[in-house]
Participant: 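Attaching a single structure in structure tokens format; questions to follow.
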Amino acid sequence: MAIVLGPNRYGKAETRLVRVHRDGETYGLVDFNVSVALSGDLAATHQTGDNSGVLPTDTMKNTVYAFAKQHGAGEPEAFALLLARHFVKTQGQVDSAKVSIESYAWDRLGPHSFQKRGDYTRTTVVTVSREATQVVSGISGLVLLNTTASEFHGFVKDRYTTLPESTDRILATAVDAKWRHLTDDADWGSSFQGALDAMTGAFVNTYSYSLQQTLLSMGTMVLTNRPELAEIRLALPNKHHYLVDLSPFGLENDNEVFIAGDRPYGLIEGTVTRDDAAPASAEWYL
Ligand SMILES: O=c1[nH]c(=O)c2[nH]c(=O)[nH]c2[nH]1
């Protein structure tokens, strides 16, 4: 009886690629989650640790980003075929390359602005006491992205600061907001839609030097457009998109190829208030 190595494969799973295609004033956006798995003559690394036939998974990730720059990223099938054929063609020890891509859809809001497809959640919390009634409406999971018109620089630099200054970056967030009504009587449906349109419009139209600035402009637009509202609270995660350094491959990256970060993320929170509004009931502050 012998104990033998059975079927095996290896690769880089879930490379998060965001590819911005700049076509004049209009920007395209492709959002992929790419997984590569190679199989072939890989016995040596398992049996003796001889890695002479092992293409590092790190290289697979780099290949995804380099190919996205060189060939663009369009239909996921075409991009997957390109990658899979590359690994089989260039690596003699590889018999088979499996490339899986999840593609996330974004709907266009403007020349460089997008909303992630998929429903947000509309929320409400009503509190009735003997003295007062408070109606709070809100939204969560509204994911917005600007491919440009966002900068972040001039910030504090201490001995731990490594963040490069940016004069052109992706700005993306998942809006989590709650707003309180002045009264218990409104056209709730159009009030919600109006608040949503105001938030989205402000995100799209604000040339941003910080997500904090975008937050205030979103809150201000909501209160300006919706006289029935007293106050809005916004929690905006900064969904970071990191520019990939393609210089080791002799490629420029003019804000075209990004790693979509997961965590940690910046979290920017703030309240915007109509200063003559009656104070909220206690629940608002809990
Ligand atoms: O808009 C931003 N605000 C920040 O406070 C911050 N901090 C950071 O690292 N990146 C950003 N971006």
Side-chain angles (χ1 to χ4, degrees), residues 14-20 22 27 29-31 33 61 65 68 104 106-116 120 138-179 195-224 231-247 252-273:
E14 305 210 42
T15 294
R16 289 287 288 107
L17 163 70
V18 166
R19 174 67 158 98
V20 173
R22 294 166 168 246
Y27 290 55
L29 181 69
V30 167
D31 186 358
N33 190 21
K61 175 201 69 185
Y65 290 123
Y104 308 117
W106 292 79
D107 295 317
R108 182 174 291 284
L109 296 175
H112 56 253
S113 302
F114 299 86
Q115 178 177 333
K116 194 165 188 179
Y120 49 75
I139 194 167
S140 64
L142 170 70
V143 182
L144 303 174
L145 185 150
N146 284 329
T147 51
T148 186
S150 166
E151 309 188 10
F152 186 65
H153 47 77
F155 42 79
V156 173
K157 282 145 205 117
D158 74 2
R159 59 185 295 213
Y160 302 113
T161 304
T162 58
L163 184 74
E165 305 221 319
S166 173
T167 54
D168 189 6
R169 65 173 185 171
I170 285 181
L171 186 67
T173 190
V175 178
D176 183 351
K178 294 180 190 350
W179 49 92
L196 169 58
D197 291 345
M199 280 187 294
T200 305
F203 181 88
V204 169
N205 294 315
T206 301
Y207 191 103
S208 175
Y209 292 92
S210 67
L211 186 51
Q212 288 87 330
Q213 183 191 15
T214 298
L215 180 150
L216 179 57
S217 110
M218 292 169 79
T220 301
M221 187 65 83
V222 169
L223 296 187
T224 303
E231 190 170 11
I232 178 167
R233 261 190 206 171
L234 290 142
L236 301 180
N238 190 353
K239 294 175 77 70
H240 301 298
H241 287 71
Y242 302 104
L243 200 64
V244 182
D245 179 9
L246 298 174
S247 62
E252 294 212 345
N253 189 359
D254 184 20
N255 282 314
E256 293 174 300
V257 181
F258 295 87
I259 304 170
D262 174 15
R263 56 191 88 169
Y265 53 87
L267 183 58
I268 311 302
E269 301 174 275
T271 304
V272 186
T273 308

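Counting starts at 1 for both ligands and their atoms, following the listed order.
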Participant: Classify the ring geometry between Tyr209 and Tyr207 as parallel (under 30°), tilted (30 to 60°) or perpendicular (over 60°).
Facilitator: tilted

Participant: Could you tell me whether Asp31 and Arg16 make a salt bridge, using a distance below 4.0 angstrom between a side-chain N and a carboxylate O?
Facilitator: yes

Participant: Determine, for Arg22 against Glu256, whether the closest basic-nitrogen to carboxylate-oxygen distance falls under 4.0 angstrom.
Facilitator: no

Participant: Do we see a donor-acceptor contact under 3.5 Å between the side chains of Thr200 and Asp197?
Facilitator: no

Participant: List, for ligand 1, each N/O atom that has a protein N/O partner under 3.5 Å away, with both atom names and the distance.
Facilitator:
unit_1   : atom_1 : unit_2 : atom_2 : d
ligand 1 : 1 (O)  : Arg169 : NH2    : 2.8
ligand 1 : 1 (O)  : Leu211 : N      : 2.7
ligand 1 : 3 (N)  : Gln212 : OE1    : 2.9
ligand 1 : 5 (O)  : Gln212 : NE2    : 2.9
ligand 1 : 12 (N) : Arg169 : NH1    : 3.0
ligand 1 : 12 (N) : Asn238 : ND2    : 3.3

Participant: Side chains of Asp168 and Thr148 only: does a donor on one sit below 3.5 Å from an acceptor on the other?
Facilitator: yes

Participant: Using a distance-only test with no angle check, is there a side-chain donor-acceptor pair under 3.5 angstrom linking Asn33 and Glu14?
Facilitator: yes

